[in-house]
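For reference, the structure discussed in these notes is given below.
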Number of protein chains: 2
Amino acid sequence: MRRMTARPANAHQARLLRLLRDGGPRSRAELGDRVDLSRSKLAVEVDRLLETGLVVADGLAASRGGRRSHNIRLAPGLRFLGVDIGATSIDVAVTNPELEILGHLNQPMDVREGPVAVFDQVLAMVAKLRDSGVAEGFDGAGIGVPGPVRFPEGVPVAPPIMPGWDGFPVREALSQELGCPVMVDNDVNLMAMGEMQAGVARSVRDFFCVKIGTGIGCGIVAGGEVHRGTTGSAGDIGHIQVEPDGRQCACGNRGCLEAYFGGAALARDAEEAAREGRSAELARLLEENGRLSAADVSTAASAGDGTCLDLIRDGGARVGQVIAGLVSFFNPGLVVIGGGVTGLGHTLLASIRTQVYRQSLPLATGNLPIVLGELGQVAGVTGAARLTSDHLFSPA
Amino acid sequence: MRRMTARPANAHQARLLRLLRDGGPRSRAELGDRVDLSRSKLAVEVDRLLETGLVVADGLAASRGGRRSHNIRLAPGLRFLGVDIGATSIDVAVTNPELEILGHLNQPMDVREGPVAVFDQVLAMVAKLRDSGVAEGFDGAGIGVPGPVRFPEGVPVAPPIMPGWDGFPVREALSQELGCPVMVDNDVNLMAMGEMQAGVARSVRDFFCVKIGTGIGCGIVAGGEVHRGTTGSAGDIGHIQVEPDGRQCACGNRGCLEAYFGGAALARDAEEAAREGRSAELARLLEENGRLSAADVSTAASAGDGTCLDLIRDGGARVGQVIAGLVSFFNPGLVVIGGGVTGLGHTLLASIRTQVYRQSLPLATGNLPIVLGELGQVAGVTGAARLTSDHLFSPA
DNA sequence: CCGGCTTTGTCCACTCACGGGAAGAAGTCG
DNA sequence: CGACTTCTTCCCGTGAGTGGACAAAGCCGG
């Protein structure tokens with residue numbers, strides 16, 4: 001099953017490949033308009049790409065007033081695999097060379113079951129996608145895990161919520177199984193890359209992406225590049241203190257953001273509210289399922305449950321408080337909110353916005369959009385595919 | 001007085017110039033070891049640099065076992081000017097091409113007197129340095145101002161503590177007066193560049209630099225590059241909230257960091273303590289001078305005054321609280337503390353460290369040095385010179 | 001349908017950057 | 001003083017890249 005996908009031989013070829021990826025098929029002439037190369041040079045490079053099979057000719061382009069040009073597109077058989085391992089579920093998707101999703105699967109699974117069980121699941125899902133006919137083999141794969149990663153080696157380091165994964169050679173193992181190059185990164189970084197590729201953050205060079213799921217993390221993009229930090233733990237904002245001497249947090253400290261908001265905290269608060277009789281709706285749902293989740297809060301809130309709306313507003317204010325600080329520090333051009341709890345939608349967003357606009361200085365917030373991510377569940381896998389293709393479409 | 005300093009013609013020449021700047025004079029052979037160029041190519045580029053006068057031959061190098069090599073150094077007549085405008089004082093310095101300081105002046109001055117008055121002062125100081133013989137003209141100048149700057153244009157934008165400077169064409173005006181290219185940046189960014197050039201942050205690629213002076217700011221370096229943010233206000237951490245519904249701050253919000261710590265807050269707290277009779281030492285100093293400053297607190301603290309030590313410890317804890325959050329977010333490899341109040345020294349540092357190490361996650365703090373800046377008062381001007389030479393030593 | 005005009009693709013000769021060999025200059029060391 | 005090493009210069013071969021010329025292909029008006 002091993003594929004040896006060719007790699008561009010130089011920066012020019014890499015540039016051309018990325019243009020074709022992000023802008024779709026184009027004529028040679030249009031490519032020429034975009035890159036600063038002489039016509040002869042361009043012809044040579046395109047010919048070489050055609051030879052290696054990375055791009056193919058694809059019919060004639062529309063005329064621009066003279067002789068018609070031949071269209072060039074990325075080899076349509078190229079396939080990228082994106083895997084997004086969340087705390088409680090796994091997403092797997094296959095994309096074409098333009099990073100459009102051809103097939104997508106989602107399956108609940110607790111990451112704490114450990115790398116072996118998770119890998120089995122991932123491989124089963126990959127097999128299923130393969131059987132559905134969208135791909136035979138892969139030219140590259142990207143995988144996101146919910147914890148810090150030593151990026152160059154592709155190995156998780158000291159991940160708090162995924163015991164058993166510390167030091168597990170994710171890249172190595174997956175590359176072995178799939179027979180293609182594999183990139184490993186933190187799931188929030190991939191979400192940020194996804195939104196940069198196909199979502200709200202297209203053409204934004206400095207932004208961050210707050211993912212509120214079971215935990216809370218943040219992908220940082222500075223100058224168009226993902227900032228991973230010295231040990232790969234940049235963006236780990238779930239344990240920033242929001243309340244001195246506040247609630248006990250699982251990490252051992254007190255008053256962490258995650259002790260007040262995020263899927264886990266929200267579920268706990270909801271159960272408490274249900275038991276204390278503060279919300280009939282929640283009590284009913286608790287009775288029904290035996291336990292409550294963030295989704296239940298979302299449901300009840302849309303049904304107009306006041307207690308739930310308060311929970312969301314309070315949580316949004318906490319997150320907003322943290323984001324306000326980070327906005328002052330980083331001065332981004334955009335803030336994206338994503339992750340599982342985006343079901344909470346505009347109530348949450350409004351609450352976050354209020355807090356940020358009130359607390360940060362006008363110069364930093366003056367023209368700062370705070371928006372929900374566009375890609376939802378596929379942000380991570382899209383980002384994974386982007387990371388992979390960025391790597392493959394760079395000089396060998 | 002106008003000088004037309006030559007610029008490197010290509011990236012190779014720029015590389016060589018920076019090597020000579022940061023590593024001092026070297027032989028052609030040593031240069032060859034550092035850059036990936038053939039002997040012939042290197043010889044050609046060095047010859048061209050010699051022709052333009054940017055570098056000069058300078059005697060013979062020590063033998064490495066064979067024929068002795070000719071030393072090459074940057075033209076010793078090159079002069080960079082660094083200007084650091086603080087809230088309450090101005091620093092001006094002249095450096096040689098290796099960015100070593102040849103002459104340095106400091107003068108108290110309130111930035112609120114406006115750009116015209118400040119410029120007069122700066123030009124007077126420059127003239128004084130010129131008269132002292134360290135320079136005749138300048139090949140480039142860098143200037144730091146205590147507020148956000150639109151970097152490409154070299155213009156301050158909406159600076160809270162320097163009314164009258166908004167939109168003042170600093171680059172334009174200074175360039176006119178000095179007859180050389182001028183770069184303008186935020187003072188904390190320059191401090192960070194200074195520490196990166198000649199201080200504790202040499203060879204660190206991701207760090208930030210917290211400057212505690214009258215206000216509190218933070219220079220951010222990501223991937224070896226200063227991060228300025230979308231509107232140039234990145235690092236403006238003085239108004240991050242540390243206490244919900246806390247003290248009223250001059251910015252209109254409540255509970256800002258600067259309402260609790262920094263030169264202004266410290267002076268106010270000290271005067272209050274003196275009036276309330278909590279510190280005999282402070283009361284004496286207040287009587288003597290009519291008012292108190294951060295420096296007085298420092299003096300009293302070294303004399304063992306308990307109230308002052310408490311003030312410093314409390315302030316350090318507040319700053320530490322903010323830094324802890326930023327460390328989680330950014331995961332730097334180093335945190336540098338600088339600015340006027342570093343006179344408070346190790347009491348402050350200890351307090352900050354305690355807070356950060358306690359509050360941030362082990363992975364981010366495990367190997368995170370938190371240190372005082374090495375350069376003190378010359379950090380800003382050194383950074384200004386560095387910024388300028390970076391610009392001059394890049395392809396035209 | 002034909003001939004001018006535009007755009008695109010191919011070819012070719014010229015230039016120039018670059019690398020590496022050779023030889024000479026300048027030192028070291030025994 | 002001679003063998004060896006290191007550094008510098010000279011020179012030529014290679015190959016990449018550019019720009020112009022020309023051919024091919026299409027549009028459009030007559």
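A note on names: the letters A, B, ... follow the listed sequences, proteins ahead of strands, and every chain is numbered from 1.
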Face-on cation placement of A:R228 at A:F151 ring, 6.0 Å and 45° thresholds: yes

Protein-nucleotide distance (A:K41, atom NZ; D:dG15, atom P), rounded to Å: 14 Å

Side-chain donor-acceptor contacts of residues 383-391 of chain A below 3.5 Å, not counting sequence neighbours, with atom names and distances?
unit_1, atom_1, unit_2, atom_2, d
A:R386, NE, A:D390, OD1, 3.4
A:R386, NE, A:D390, OD2, 3.0
A:R386, NH1, A:Q197, OE1, 2.7
A:T388, OG1, A:A141, O, 3.3
A:T388, OG1, A:G142, N, 3.1
A:T388, OG1, A:A384, O, 2.7
A:S389, OG, A:R21, NH1, 2.5
A:S389, OG, A:R386, O, 3.3
A:D390, OD1, A:R21, NH1, 2.9
A:D390, OD1, A:R21, NH2, 3.2

Please list, pair by pair, any protein nitrogen or oxygen found under 3.5 Å from a nitrogen or oxygen in nucleotides 7-12 of chain D.
unit_1, atom_1, unit_2, atom_2, d
D:dC7, OP1, B:R64, NE, 2.8
D:dC7, OP1, B:R64, NH2, 3.3
D:dC7, O2, B:R67, NH1, 3.2
D:dT8, OP1, B:S69, OG, 2.7
D:dT8, OP1, B:H70, N, 3.0

Whether A:E30 side chain and A:S27 backbone form a donor-acceptor pair below 3.5 Å: yes

Gap separating the CZ atom of A:R34 from the CG atom of A:L19, nearest 0.5 angstrom: 6.5 Å

Chi angles and distances behind the side chain to side chain contact (heavy atoms under 4.5 Å, CB included) call for A:F80, A:L102: CA-CA 10 Å; A:F80 298 120; A:L102 303 178; over 6 Å; no

